[in-house]
Amino acid sequence: MQLKYAFSFAAVAAFLAACDSTVTNINDDAKAEGTITIKVVDNHSGAALSGVTVYSVVDDKAVIADSLGLSVWKNQTLGDHSYQISKDGYATVHALVNLAEQGQGDVPRVGDVIQTVPMYKAGVKAKGIVLFTDDKGKTNGASGVTVYANLPKEFVPCELTTKTSENGEYSFDKLPEGVEVQISVGQEQIKSKTYAGSDIRLVGGASMRAGDVINVASISLVKSSAQIVKIDDNTNSVDVGSDLTFTFAAELDADSVNTSHWSVTKGGTNVLISTSLSKDKRTVTVSPYTGKWTKDASYAVRATVYSVDGAYAPVNATFVVGGGSSSAGKPENVKGLMIAQDPDYTYYARLSWDESDDATRYNIYSKTNLDNDFAYLTYTSSTYYRVDLDNYGSKVKTLYFIVLPVNSDGVEADIEGAKTVKYTIESDIEPEEEFEDDL
């Protein structure tokens, strides 16, 4: 009986084993690792390159390729394998090889990979000059400016840098042959002013060979302006004998405290004031010339401040002496703001809006696709403004406008809720009207 039961249990076990979906690998060719072979050739001739150093980032190991340009890497696991390949006289390149599983079910099968990697002789020379225009309108060579040469991403490094000489000249002497390189200049400080490169020069290409010299077209730097941001003021706490202060994130030019750029009015009448700039050149102090403000009176402030790099920004504020800032007296934002091609004048756009009952004039702010910030443009007492499109260069493709009404006390409407309109300049065809949502 015991043998009978033992036989029965053995039969059941054999049956269950036959129904198991697990596959046991008995194929000698099946494997979980593969072999990677790197074959290095000259990009131009296609000939194998010997004596090349191939460094495996994964294995942290370097080998020298044989006379056929081959380096063999056995027992490589699944996934990406990164190699850095270098040789004297050639630009260093990077190669990425992926070992993918090719088996089915639970049978691992990793295929071997042979990857050909081209290398490019170094020795193409590119030289040029970087220029800038100073505040007097004179064009000069930009000294000590960093120039960038950006190569395709397979090169190591893919970005090269050099500095300009005293007269603005520079050169890259070991660029790889047969590839296109981008030459550019970033943002630079010259005599406390901010400049940025306006052009990217493409040089090189398939026809260029080591030993060739490329004369790069000059790169001109364009003065740019950092954003002037007001970070604090004391309009909520002005007392009879206290000064009015405005603090900005950017360093201001001394012209920012010229009293011709500041206007303080009470009941529509100008008040005589004096202004000063703090030692750190970031805070403007406004004082009543008599030394005292009128208690409980409401004042309106309008000014323009300038940064040391040439940017400018408007200042608009109100305050009540002993009672904080005043918002009740601010006009509402304009309605019906729109922009379209001017029907009466070619190459003009017409900005228009509905009349505001409490506005005596309208301040217009604008920016282009090349600017980061809106800047004060002009003002008008009318309800339209004609924009001369010829005033903008070929790189300006889009214009943006904001119109803020100003009441008889010189108080400007809040920017919050103001509408922005957008106008696209199209070459050779009539511009079209476009709109943006409210801020």
Side-chain angles (χ1 to χ4, degrees), residues 227-228 230 235 261-270 298-304 312-320 325-392 396-426 429-439:
Q227 183 179 7
I228 303 180
K230 181 172 70 70
T235 53
H261 297 147
W262 285 82
S263 169
V264 178
T265 59
K266 181 181 68 174
T269 302
N270 284 327
S298 177
Y299 291 83
V301 183
R302 176 174 171 78
T304 303
Y312 63 93
V315 177
N316 295 284
T318 60
F319 65 95
V320 176
S325 61
S326 172
S327 59
K330 292 186 177 182
E332 295 183 357
N333 281 297
V334 297
K335 301 184 184 303
L337 181 63
M338 62 182 298
I339 188 168
Q341 182 183 0
D342 195 303
D344 301 322
Y345 296 88
T346 306
Y347 303 119
Y348 281 82
R350 181 183 173 94
L351 187 67
S352 62
W353 55 92
D354 297 338
E355 184 176 4
S356 298
D357 293 337
D358 53 351
T360 58
R361 71 173 188 267
Y362 303 91
N363 292 334
I364 301 174
Y365 300 85
S366 69
K367 69 182 288 291
T368 74
N369 57 285
L370 303 180
D371 304 321
N372 291 325
D373 311 299
F374 279 92
Y376 177 75
L377 176 63
T378 187
Y379 74 90
T380 179
S381 58
S382 180
T383 55
Y384 72 91
Y385 178 74
R386 187 170 287 119
V387 181
D388 187 351
L389 302 179
D390 283 339
N391 288 337
Y392 300 93
V396 174
K397 304 299 181 184
T398 311
L399 306 175
Y400 302 85
F401 296 92
I402 294 174
V403 176
L404 299 179
V406 181
N407 64 20
S408 58
D409 290 330
V411 180
E412 186 181 60
D414 280 329
I415 185 64
E416 184 177 356
K419 184 177 182 179
T420 301
V421 289
K422 172 184 174 183
Y423 188 84
T424 300
I425 302 175
E426 295 188 2
I429 60 175
E430 293 183 349
E432 65 180 15
E433 176 184 355
E434 295 187 34
F435 299 91
E436 282 200 346
D437 294 335
D438 294 351
L439 294 177

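Between Y400 and F374, the two ring planes are perpendicular [angle over 60°; tilted spans 30° to 60°].
Side-chain atoms of D342 never come within 3.5 Å of backbone atoms of R350 as a donor-acceptor pair (strictly under, hydrogens ignored). The closest donor-acceptor contact from the side chain of S381 to the backbone of T360 lies at 3.5 Å or more, if one exists at all. Using a distance-only test at 3.5 Å, with no hydrogens or angles considered, no donor-acceptor pair links the side chain of N316 to the main chain of R302.
Of all heavy-atom pairs between T235 and F319, the closest is O-CB, 3.4 Å. K422 and T424 make their closest contact through CE-OG1, 4.1 Å (heavy atoms, listed as atom of the first residue, atom of the second, distance). Pairing each heavy atom of A418 with each of L404, the nearest pair is CB-CD2, 3.7 Å. Between V421 and L337, the shortest heavy-atom distance links the atoms CG1-O, 3.7 Å. Nearest heavy-atom pair across Y423 and A340 is CE1-C, 3.8 Å. Closest approach of V334 to V403, counting heavy atoms only: CG2-O, 3.6 Å.
Counting heavy atoms from C-beta on, the side chains of I364 and F401 come closer than 4.5 Å. Looking at V387 and L399, their side chains come closer than 4.5 Å, going by heavy atoms from C-beta outward. Side-chain atoms of L370 and V396, non-hydrogen and from C-beta on, do get closer than 4.5 Å to each other.
Interatomic distance, NZ of K397 versus CD1 of I425, reported as 8.5 Å (0.5 Å rounding). The CG atom of N270 sits 6.5 Å away from atom OG1 of T265, with the distance rounded to the nearest 0.5 Å.
The existence of a salt bridge linking D354 and K335 is excluded, since no basic side-chain nitrogen approaches an acidic carboxylate oxygen closer than 4.0 Å.
For OH of Y392, the number of neighbouring non-hydrogen atoms (other residues, nucleotides, ligands) closer than 6.0 Å is greater than 12. Residue D357 places its CG atom among 12 or fewer non-hydrogen atoms of other residues, nucleotides or ligands, all under 6.0 Å distant. In Y376, the OH atom is crowded: over 12 heavy atoms of neighbouring residues, nucleotides or ligands sit closer than 6.0 Å.
Y362 pairs with exactly one of P405, S382, P331 by the side chain to side chain contact (heavy atoms under 4.5 Å, CB included) rule, that one being P405.
Cation-pi geometry between R361 and Y385 is not satisfied (NZ or CZ under 6.0 Å from the ring centre, within 45° of the ring normal).
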